[in-house]
Amino acid sequence: MAQSENNQDYGANQIQVLEGLEPVRKRPGMYIGSTSSRGLHHLVYEIVDNSVDEALAGYCDNIDVQINKDGSVTVRDDGRGIPVGINEKTGKNALEVVFTVLHAGGKFGSGGYKVSGGLHGVGASVVNALSTNLTVQVKRGGKVYEQKYAKGKVLCPVTEIGSCDRKESGTMVTFRPDPEIFETIVFEYKTLATRLRETAFLTKNLRITIRDMREEKVKEESFHYEGGIIQFVEYLNHANRPLYPEIIYCEGEANGVMVEVAFQHNDGYNENCLSFVNNIITPEGGTHMEGFKRALTKTFNDYARSMKIIKENEENVTGDDIREGMTAIISIKVGEPQFEGQTKQKLGNSEARGAVESVVNKVLTIFLEQNPAVGKMICEKAVGAKHAREAARKARELTRRKNVLEGNSLPGKLADCSNKDPKQCEIYIVEGDSAGGSAKTARSRDTQAILPLRGKILNVEKAREDNILGNAEIRAMITAFGTGIRDEFDISKLRYDKIIIMTDADVDGAHIATLLLTFFYRFMPELIRQGHVYMAQPPLYQVTRNNKNYYAYSDEELNKILTELGRGEQNKIQRYKGLGEMDAEQLWDTTMDPNKRILIRVTIDEENASDIDVTFSTLMGEEVGPRRQFIEENAKFVQNLDI
Ligand code: TSJ
């Protein structure tokens, strides 16, 4: 970015002073969003974002993030180093102000783009306040400086602790989150790596390295993308078949907004458009996304008409038609981002709409002139989507009319519960007829409904809506839940408070669970967002001794039980291969009794939405991997909650 010149006069005097740190420890959630694992990881992003700002200003090429053996984290960059002079207003060292005063931050000149907004950008002082210990070292002007803090309080003045080459400069911060504040202080390598990879995609040429020192075998990855968001699109699309080899890239500036857009279509049907403002993801989109969509719709319709792909007497294709199978990244930089909506995740700046629209209009029109074959393919896919949309509408109408004719009747194989209060009711989606039979016998009829599914569930990643709606198993679920799908989804019509997926504890079972989750995620994501979707956990083993049964849900648990009982021949160990091997009583005892069962609630981590899409397309693509492992490992998507 060309902002470096403006900030030359930055010095120890331009730090804005606001307030002390006590409020942060009193109400951490206000500053870091939550004190859960998510808030914990935010601490790292808060620190890293400062180094990214330094990179955006043109002074930093490398950022190193290390999870240390003791669980603390070190972030190091090779930027200019935080200023260490005395601030005239406060008489304090500028470095100390950065770490001890809330909202203290560098004042960037006009046109400076800072990574900040929403929950982000609250700064180093918040991290300091929420850490038992924090150490900062700055290399600047041939000297090394250090200061240490505990729970936000200064332990020693900024001290010169050595010298270094004058050419060497940078900032290094090590902090240990306070276990009194956070529910957990264990960092997840994968969560950090995913986010850092994303940051690297969004900041062309920056190299970010992550290292995990906690285990014998050190884990390390380095993210460095000369192609920036072009490579981001390539990465997101890696599990799909691209419709054409090019990744279409638009870059430009308008209304003081820097705009970068990259996209490519695959031969699938899902849209995966992610938008960012100053490197922060905006899960709810906003004006930049609107500008992008407008430009796409107009440019492609104009082009399709000029090429006679849409005839004079035909209707335009819609934006949704054009974005079928599209993977896109919209990344803009604005001086003062305004975030709107309940969660402050939606961009409000109106100048961004016009900026993205004009940049994409201009660059895309030229691209299409020069690449007519690509243009034709995209338009033909959009026309295909339009026809499918019309067919799907007819299919829906048919479904609706059928429902009216049949008196909105529930699917035949559903064994419904008798209680009419949805809040008390739950539905088990069960794989296979035999397990379905046991579940029907075992259930508590008042509150538990059973819907057995036959055979493989349709993979909604690979089918168009008209086919999906024609599928009997999918139709049965839609009617049983009562909510409708997509635009017509209405949570108030939900007939069960809990939707529980119950499949075998093997690879096939995990595959079916994944197919079901994919269907929910694409067609009724609010069901997951509002916490209604669960996975049942059937046991892996039964140990019998003296006519008493013990159940183990993992190998560790089996060992524990055997140790407690004392190993010996009296123990009969049975490994369950499927739900069908359990009789009704066993199924009730181990998996369905609300007082004993283990349920896993499924959640969506919105901030890592890009990763979920990759996960789904990877899993549902060609790869036939161990899907159980995915479900167990992917703590971001599936989280332990209820008991
Ligand atoms: F979060 C933080 F403050 F603790 C932190 C800041 C943590 C880490 C790892 C790095 C940084 C950071 C800050 N890296 N680089 C900078 N740069 C400045 O603060 C800086 C340096 C020089 C000038 C100047 O005008 O001379 C201006 C700024 C903002």
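Here the structure is a predicted model, which means the values were calculated and not measured. In each ligand, atom 1 is the first atom listed, and ligand 1 is the first ligand listed.
Annotation for ligand 1: atoms under 4.0 Å from non-hydrogen atoms of T171 are 8 (C), 10 (C), 11 (C), 12 (C), 14 (N), 15 (N). If you number the atoms of ligand 1 from 1 as listed, the ones under 4.0 Å from a heavy atom of P83 come out as 19 (O), 20 (C), 21 (C). Under a 4.0 Å criterion applied to the non-hydrogen atoms of R140, ligand 1 contributes the atoms 21 (C), 22 (C), 26 (O). Close approach to V173 involves these atoms of ligand 1, each under 4.0 Å from a residue heavy atom: 4 (F), 7 (C). The V75 neighbourhood of ligand 1 comprises atoms 9 (C), with distances under 4.0 Å to a heavy atom of that residue.
Relative to the ring axis of Y534, R601 does not place its NZ or CZ within 45° and under 6.0 Å from the centre. A cation-pi arrangement is present between R195 and Y45 under the rule of less than 6.0 angstrom and at most 45 degrees off the ring axis.
Here the two rings, on Y225 and F232, have centers that are 6.0 Å apart or farther.
Every residue was checked against the ring pair (Phe, Tyr, Trp, His ring centres under 6.0 Å) condition with Y249, not counting sequence neighbours, and none meets it.
At least one donor-acceptor pair closer than 3.5 Å links the side chain of Q147 to the backbone N or O of C156.
Neither the backbone nor the side chain of Q137 comes within contact range of ligand 1; no heavy atom lies under 4.0 Å. At a heavy-atom cutoff of 4.0 Å, ligand 1 is contacted by the side chain of F99 but not by its backbone. Only the side chain of D77 comes within 4.0 Å of ligand 1, counting heavy atoms alone; its backbone N, CA, C and O stay farther away. With a heavy-atom cut-off of 4.0 Å, V98 touches ligand 1 through its side chain alone.
Remark: ligand 1 and S51 share no N or O pair separated by less than 3.5 Å (distance only, no angle test). Considering backbone and side-chain N/O of R76, none are found under 3.5 Å from N/O of ligand 1.
For the residue pair D53 and N50, no side-chain donor N or O sits within less than 3.5 Å of a side-chain acceptor on the partner. Defined by atom type and a distance below 3.5 Å, a donor-acceptor pair is present between the side-chain atoms of Y189 and E221.
Looking at S125, A124, G170, it is A124 that brings a heavy atom closest to atom 2 (C) of ligand 1.
The pair D61-R207 does not meet the salt-bridge criterion, since no charged nitrogen lies less than 4.0 angstrom from a carboxylate oxygen.
Within the structure, the closest approach of C60 to ligand 1 does not fall below 4.0 Å when heavy atoms are considered. Not a single heavy atom of M172 sits under 4.0 Å from any atom of ligand 1.
For NZ of K26, the number of neighbouring non-hydrogen atoms (other residues, nucleotides, ligands) closer than 6.0 Å is 12 at most.
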